[in-house]
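Remarks on the structure that follows.
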2 protein chains.
Amino acid sequence: MNEAVPQRTPEAVEPKTLVEGAYQRLRRDIIEGVHPPGEKLRVEHLKDRYEVGAGTLREALLLLVTDALVVAQGQRGFRVSPISIEDFEDITRTRLLLETEALRQSLQLGGEDWEASVVAAFHRLSRAEQKLGDHDSLAAEEWERRNRAFHEALIAASPSRWIRHFQHILYQQSERYRRLSLFSHPIPRDIHAEHQALFNASLARDTTRATSILTEHVLRTLDAVKLLPAEFFAGKHKS
Amino acid sequence: MNEAVPQRTPEAVEPKTLVEGAYQRLRRDIIEGVHPPGEKLRVEHLKDRYEVGAGTLREALLLLVTDALVVAQGQRGFRVSPISIEDFEDITRTRLLLETEALRQSLQLGGEDWEASVVAAFHRLSRAEQKLGDHDSLAAEEWERRNRAFHEALIAASPSRWIRHFQHILYQQSERYRRLSLFSHPIPRDIHAEHQALFNASLARDTTRATSILTEHVLRTLDAVKLLPAEFFAGKHKS
DNA sequence: TCAAGGATTTTTCTCGAGATTTATAGAAGA
DNA sequence: TCTTCTATAAATCTCGAGAAAAATCCTTGA
């Protein structure tokens, strides 16, 4: 298989180096909003919080540029990437372009192993969705993880490493926005039913139906975020 | 417009920092094959060649990870990303998926400014193609630059920063392969005619024809690279 | 009160050296 | 001769300090 594409770290790889450790924790904090969009990321302050040297922290920030979660401006340091409703619309549509194509390939090429892993991922996701009723932030975190695992399992049989690479970046981006919509706007959607339908169509290898359900599914999140008040996207903080 | 996507440096931006300078020169050298695919990139050696400190060079290498031209393996340094025929096929098809969509959007939304810049880019490219007959490596380099500018001008009116971002990465990747095919296999294609047809269809806003010409155009390069002997893709050097 | 200029503080960028880890070469044993 | 272990060499990773740039504050003058 094609080794030239940088494969993402499958969620929780034990960091082999201090840079990787700081990178993982910083990424988590940015996605979770500890460092809000637009925030200036000062190396001198952050090196204490993450308990590494200045040079090491700089390298971690540089790695986050790869994920487009941080932007570097020469001679003017680093910032958390800003967010906007236009950006999320762009993310969503580009992600759909890639993910529907990957899903098509996956449904066509996926073998028994792929089927088994999809069944397993769907099962795990269903369990997490049962526990989601009460506003437990730990359960929400687990759901987020399994939701990602389910979507990635669906397209795992696609032979295109590049599509999966870009999909991963976009999914990660959309996590920041999804988090916003969860906090402010308890969505009345029956997400489990959507996932069930997507699961059924995928195992039935019904490409047309699966891609159409996926599209609806993702666009519905876009609509939910669009309902948010504009203040959420101000995001040009100083500190 | 959407500021959240890291916009690529438009070819030759004056580097504001030593890291950026080393990054640009390293990128050029990797694309041109000075550092062949798979080569180990030892910081201690490279810092002399590029005349910067060790830490600075490490940062430049980290930036190249963003372009997927370098892979970092924790505790085991850096390598030039390997190449393979499967990878190029993947690059080409993913690039077509993105670039045809961007072209569709561009033809639909592009205004007078866009038209003017496309005309200008096509003109510059045509001039470079006239001078391409003799095997002048300087002219080939200029052609490569203008070819890229033409393709990027065509899709510049697309509102999707993410598509353009990914397209840029993939185009950069394909440059490494295109260079291979130029050196070994003087292609008998009439590239200028293909560009002319693409240009005509685009200005006529004939979306169907333009995307189909673009697809043929890009796939033809894929075929040319496929004809190369497999030795070109060995690429697991030690030094 | 406001604007402009300059001095001070903060922050970024850069480098070299020490500590760890990995890779290499050689010796010992089967 | 081949494997395994050990010692040596090489490379990576990490840190703190100094130089350069940017941001901030303060004074001065209209």
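To find a chain, count down the sequence lines: A is the first, B the second, and so on, and within it residues start at 1.
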In whole angstroms, the gap separating P of dT14(D) from CG of L63(A) amounts to 11 Å
### Query
Do S117(B) and D113(B) meet the criterion of a side-chain donor-acceptor pair at a distance under 3.5 Å?
no
To the nearest angstrom, the CD-C1' distance between E14(A) and dT21(C) comes to 17 Å
Contacts of E44(B) meeting side-chain contact (heavy atoms from CB on, under 4.5 Å) (sequence neighbours excluded), chain-then-number -> K47(B), A54(B)
In whole angstroms, the gap separating C1' of dA23(C) from CD of Q73(B) amounts to 13 Å
query: Is a side-chain donor-acceptor pair under 3.5 Å present for Q24(B) with E20(B)?
result: no
At under 4.0 Å between heavy atoms, what does G55(B) touch on the DNA or RNA strands: base, sugar-phosphate, or nothing?
nothing
Rounded to whole Å, CZ of F78(B) lies from C1' of dT22(C) at a distance of 15 Å
Practice prompt. May I ask you to verify if any side-chain N or O of K40(B) is less than 4.0 angstrom from the OP1 or OP2 atom of dT12(D)?
Written response: yes
Taken in chain and number order and not counting sequence neighbours, the residues that satisfy ring pair (Phe, Tyr, Trp, His ring centres under 6.0 Å) with F150(A) are F122(A), H195(A)
In whole angstroms, the gap separating P of dG16(D) from CG of L18(A) amounts to 12 Å
(message) Does T221(B) form a side-chain contact (heavy atoms from CB on, under 4.5 Å) with T92(B)? I'd like the steps, not just the answer.
(response) CA-CA 9 Å; T221(B) 305; T92(B) 302; over 6 Å; no
- Query: Closer than 4.0 Å, any side-chain N/O of H45(B) to the OP1 or OP2 of dA11(D)?
  - Reply: yes
Quick one: which protein N/O atoms are closer than 3.5 Å to N/O atoms of nucleotides 17-21 of chain D? Pair and distance per line, please.
none

ask   = Should R58(A) be listed as having a side-chain N or O under 4.0 Å from OP1 or OP2 of dC13(C)?
value = yes
With sequence neighbours left out, the residues meeting side-chain contact (heavy atoms from CB on, under 4.5 Å) with L109(A) are P159(A)
To the nearest angstrom, the CZ-C1' distance between R79(A) and dA23(D) comes to 12 Å
Closest of dA23(C), dT12(C), dT14(D) to the R76(B) side chain is dA23(C)
Hey, is the side chain of R42(B) poking within less than 4.0 Å of OP1 or OP2 on dA11(D), counting only N and O atoms? yes
In whole angstroms, the gap separating C1' of dT14(C) from CD of E20(B) amounts to 14 Å
Respond yes when some side-chain nitrogen or oxygen of T56(A) is under 4.0 Å from OP1 or OP2 of dC15(D), and no when none is. yes
Across all chains, not counting sequence neighbours, the ring pair (Phe, Tyr, Trp, His ring centres under 6.0 Å) partners of Y50(A) are none
Applying side-chain contact (heavy atoms from CB on, under 4.5 Å) to R124(B) and not counting sequence neighbours gives A120(B), R146(B)
Which part of the nucleic acid, if any, lies within contact of L61(A), taking any heavy atom under 4.0 Å across all strands shown: a base, the sugar-phosphate backbone alone, or nothing? nothing
Does dT12(C) have OP1 or OP2 sitting under 4.0 Å from an N or O in the side chain of T17(B)?
no
Assert: residue with more 5' nearest nucleotide on DNA chain C, out of V43(A) and L57(B), is V43(A)
Whole-Å distance, E44(A) CD to dA22(D) C1', equals 14 Å
Closest to the 5' end of DNA chain D, once E59(A) and G74(A) are matched to their nearest nucleotides, is E59(A)
